[in-house]
Amino acid sequence: DGHVVEVTTEGAEALKRVADASFDLVLCDLRMPRMSGIEFYGELCRRRPDLASSFVLMTGAAIDEELRMFLASNAVPVLRKPFDMSELNQCVTRSARARSQRPRRAS
């Protein structure tokens, strides 16, 4: 529905892509090679705090203690795999709504 999607399987590559670009939503898997979704979120918050509220974590894994603690201390939505398009569309819609309610930065 008018969305452009970029895909990478590497957290470091994703951090490079979001460095200077504009993204409406960042979907990130919990388990990735070399960097977990939790680690990625920490780096995203440090490098691009403006995108932190547009972050959605995806996982098919059981919620372990590390993830439970992370979710308790961060307002991060989770898409549980397998998910369907309606669940993904809800995430996109919530993100767009949150963006429209944020104050705009002067450029």
Side-chain angles (χ1 to χ4, degrees):
D1 201 30
H3 301 288
V4 176
V5 177
E6 288 192 33
V7 178
T8 182
T9 59
E10 297 287 334
E13 175 63 26
L15 288 169
K16 286 179 191 173
R17 291 185 189 186
V18 300
D20 298 315
S22 176
F23 286 89
D24 296 325
L25 186 65
V26 177
L27 294 167
C28 182
D29 205 312
L30 175 64
R31 306 218 190 283
M32 299 181 295
R34 293 178 277 291
M35 180 184 293
S36 73
I38 292 171
E39 292 167 325
F40 179 86
Y41 180 74
E43 281 298 309
L44 184 69
C45 288
R46 190 173 70 72
R47 298 178 189 196
R48 289 289 309 270
D50 57 308
L51 285 178
S53 62
S54 299
F55 181 87
V56 176
L57 191 63
M58 302 180 297
T59 185
I63 296 180
D64 61 13
E65 190 58 29
E66 178 188 22
L67 181 55
R68 193 177 344 275
M69 289 173 48
F70 171 77
L71 294 174
S73 60
N74 296 281
V76 172
V78 176
L79 267 176
R80 301 278 302 166
K81 295 185 220 173
F83 54 85
D84 60 33
M85 286 305 294
S86 68
E87 291 170 289
L88 181 58
N89 284 334
Q90 287 173 356
C91 280
V92 171
T93 301
R94 277 193 302 268
S95 178
R97 196 174 307 127
R99 269 192 328 282
S100 70
Q101 294 173 353
R102 278 185 274 191
R104 297 278 182 206
R105 290 189 318 198
S107 42

Next item on the list: Report the residues that fulfil side chain to side chain donor-acceptor pair (under 3.5 Å) with Gln90, sequence neighbours left out, ordered by chain and then residue number.
Entry: none
Hey, does [Y] have a side-chain heavy atom less than 4.5 Å from the side chain of [X]?
| X | Y | result |
| --- | --- | --- |
| Phe23 | Arg48 | no |
| Leu57 | Pro77 | no |
| Val56 | Val78 | no |
| Leu27 | Leu88 | yes |

Note to self: Donor-acceptor pair, distance only, cut-off 3.5 Å: does the side chain of Glu43 make one with the backbone of Phe40?
What the structure shows: no
Margin query: I'd like to check the ring-ring contact (aromatic ring centres under 6.0 Å, His included) partners of Phe55; sequence neighbours left out, ordered by chain and number.
Written below: Tyr41
Checklist line | For the student: nearest non-hydrogen atoms of Ser54 and Leu25, plus distance | finding: O-CD1, 3.2 Å
Item checked: Closest approach of Ser36 to Glu39 (non-hydrogen atoms, all atoms of both residues) -> N-OE1, 2.7 Å
Next item on the list: List the steps and the verdict of side chain to side chain contact (heavy atoms under 4.5 Å, CB included) for Glu10 and Arg34.
Entry: CA-CA 8 Å; Glu10 297 287 334; Arg34 293 178 277 291; 2.6 Å; yes
Item checked: Non-neighbouring partners of Arg68 that pass side-chain contact (heavy atoms from CB on, under 4.5 Å), sequence neighbours left out -> Ile63, Glu65
Next item on the list: Check side-chain contact (heavy atoms from CB on, under 4.5 Å) between Asp64 and all other residues, then give those that pass, not counting sequence neighbours.
Entry: Arg31, Glu66, Leu67
Check: Say you draw a straight line from CE of Met35 to SG of Cys28; how long is it, rounded to the nearest 0.5 Å?
Finding: 9.0 Å
Item checked: Separation between CG of Asn74 and SG of Cys45, rounded to the nearest 0.5 Å -> 6.5 Å
For residues 11-18, which side-chain N or O atoms pair as donor and acceptor with protein atoms under 3.5 Å away, sequence neighbours left out?
{"from": "Glu13", "atom 1": "OE2", "to": "Arg17", "atom 2": "NE", "distance (Å)": "3.1"}
{"from": "Arg17", "atom 1": "NH1", "to": "Val7", "atom 2": "O", "distance (Å)": "3.1"}

Next item on the list: Not counting sequence neighbours, list each pair that qualifies as a salt bridge (Lys or Arg N to Asp or Glu O under 4.0 Å) and has a residue in residues 74-92.
Entry: Asp29-Lys81
